[in-house]
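Below: one structure, written as structure tokens.
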Amino acid sequence: EYSKEKKVGEGTYAVVYVGTKQSDERRIAIKEIKTSGFKDGLDMSAIREVKYLQEMQHVNVIELIDVFMAQNNLNLVLEFLPADLEMIIKDTSILFTQADIKSWLLMTLRGVHHCHRNFILHRDLKPNNLLLALDGQLKLADFGLARNMGSPQESLTSNVVTRWYRAPELLFGARHYTGAVDIWSVGIIFAELMLRIPYLPGKDDIDQIDVTFRALGTPTDRDWPEISTFGAYNKIQVYPPPSREELRRRFIAATENALDLMSGMLTMNPHKRLSPIQCLTSEYFVELPEPTAPSELP
Amino acid sequence: YRHSTQYRNWSFTPERLDQIRTEVNASASARVEETLKHFFESHPDLSREEEEAVASKAVPVTTHEELLLVNYFARMIISFAGKMNLPTEVAATAVAFFRRFFLSNSVMDLPPKEVFHTTLFFACKTENYFIGVDSFAKKAKTTTEAVLKHEFKLLESLNFTLMNHHPYKALHGFFLDIQNVLSGRVDMQYMGQVYTNCKKSISDALLTDAVYFFTPPQITLAILLMEDEALMMRYMQLKFGLQQDGDASAGQPSQSSEQQLANGINASKLLEVVKNCKSVISSKIIPAKDDAVKITAKIHYCQNPMAV
Amino acid sequence: DLHKRYVLAESQYDDPFIKSLQTKKEYIASGFRADLVYDRMLTEAFM
């Protein structure tokens, strides 16, 4: 039913091919999960991708078309998405506008909202996991780190999300976090879209805390109750939060509503951080310019 | 829930479920007959007595016997998971995986014992309760090979659908909503006891076919009905507008805002569904160990006629 | 979902376990929210 035509990528646990679905000639991607060399059987990342993608059907979440076993390998047939947001951001020959940014952000938030209303955390949102279809639709991909929102008695690992996009509670080792970690990642992606360079590029995990607080201010117990509980808190430098004027200077093209939204997504205290619904219904999305229609996006 | 794989892949009518089991059994029985035929052909020197012994002992198990054996081992999964201190949801998922596995595989092809640890280990991974296979095998007093041998077959048999909605969260939800709807009219210590009792009953219900016929919240409501009918009926009256004679009170002018919210539900139909669910849960079969031993022996002889 | 079949009435709930978690410092600092837990359980109940 499926042909593997060209290898387009290889990672630690999978090889990705581009191919065709024979019955309707649809272009597809096949992620062939390596099964040998994993002493604990099928890899957790593979389990997560299969488990969560099977449950979600949304225009802004990558479609898992099929799953099959062949030659003792697990194969995930995914929709073919030729580009990703990282490519667009890095390629300086591609010019994009505020309307384009708004469109990508809107689609990202819709995808995140869909995950969260299904009580699924993505936990690895970053530009190269936001894939772009030929029709311009942006889709959340790579659910290898995804999981159900934690039950109250569960302790989650804080070692999730790629460093530059990692929320402060994760940097401090929190084990009972919520969807707010995904919103933080989206906030960083929003900033990166506006700046066209990574916003908080820490060199290592320790440096990431410093980079984050230098840019956004060090939180205190007053604005984030009990943050001093975290062991790592006492070792950090104290920085003041940026003034609005500083943010305007940094994000020159951003409107006030854009800055409000970004600040809301990058609120230190996860309790106060915006939810997907609050983001989607923010003034930013109803002020001009309108978000670019996906088919018109670069 | 309608979008979930649990609904789309693992919901059946009783008739369809029977048909699936019958087909699986028939297909496996035909293979057993073929094996026995081949056995007799390749052992022409058997005495008549020996032939009759094989013919009487190496008999394919029936659909009902398959179900008894599967349920016996499913029950063991729950108690084994308890001994290993695994979370309730892990045990429930393991039971779900185990029972679903035997909707496309016969015990005659793969004895339940062979996938027992596999389903538990896989459930641990699926429910984010990762234990390394070495550690798991040690605790379970088995080998890593035994744990992993049929993992892919399990995954295929599950149609690669791994998400489970169990009635436990629904129980917690109703526990909260009952407090709101019956505010001030229910003793909290009593509610706590009801919750604890229902949680145990849910584990039993997962061993019945109710999981295929009803949704998790329907199973929860059925268990609540079994635990305290008066409480449940009062809740349904206030929440869904159920009249005391069991009819919906839609159209009555003085409905509360709760009832207005819940007016999307036909209360009497819901009650009927819940009662049906209750009857399926109540008619659970608890297979006796002796039956399991006899059925296992039959399977053994089918696979190894020479053992007779 | 514009027509949820429940009202999230946090003040009405006596859930000792969740309430105890709400007071734990590591939970507060992590961003744990009881209303999110309640919402999830109620969603599962009324789905």
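Proteins get letters first, then strands, A, B, ... in listed order; numbering begins at 1 in each.
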Quiz item: Which one, Leu176(B), Thr215(B), Leu171(B), leads in non-hydrogen pairs under 4.5 Å with chain C?
Solution: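 Of the options given, most contacts go to Leu176(B).
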
Practice problem: Name the member of Met191(B), His165(B), Gln218(B) that forms the most heavy-atom pairs with chain C at distances under 4.5 Å. | Solution: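 Heavy-atom pairs under 4.5 Å are most numerous for His165(B).
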
How far apart are the closest heavy atoms of [X] and [Y], and which atoms are they?
X: Tyr6(C); Y: Asp177(B); answer: CB-OD1, 4.1 Å
X: Gly173(B); Y: Leu42(C); answer: O-CD2, 3.3 Å
X: Ala170(B); Y: Ala45(C); answer: O-CB, 3.6 Å
X: Gln179(B); Y: Gln12(C); answer: OE1-O, 3.5 Å

Quiz item: In Å and rounded to the nearest 0.5 Å, what is the NE2 to CZ distance from His172(B) to Phe17(C)?
Solution: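 That separation rounds to 9.0 Å.
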
Quiz item: Rounded to the nearest 0.5 Å, how far apart are CZ of Phe174(B) and CD of Glu44(C)?
Solution: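 With rounding to 0.5 Å, CZ (Phe174(B)) is 11.0 Å from CD (Glu44(C)).
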
Quiz item: Does a side-chain heavy-atom distance below 4.5 Å link Met47(C) with Pro216(B)?
Solution: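 SC-SC contact between Met47(C) and Pro216(B) confirmed.
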
Quiz item: Between Lys239(B) (side chain) and Arg5(C) (backbone), is there a donor-acceptor pair under 3.5 Å?
Solution: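 Present.
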
Quiz item: In terms of heavy-atom contacts, does CD of Glu10(C) have more than 12 from other residues, nucleotides or ligands at under 6.0 Å?
Solution: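 For Glu10(C), atom CD is crowded (more than 12 foreign heavy atoms under 6.0 Å).
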
Self-check item: Residue Lys25(C) excluded, over 12 heavy atoms near NZ under 6.0 Å
Solution: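 Not buried by this count: 12 neighbours or fewer within 6.0 Å.
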
Practice problem: Pick one of side chain, backbone, both or neither for Tyr195(B), based on which atoms fall under 4.5 Å of a heavy atom in chain C. | Solution: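 Tyr195(B) has no heavy atom closer than 4.5 Å to chain C.
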
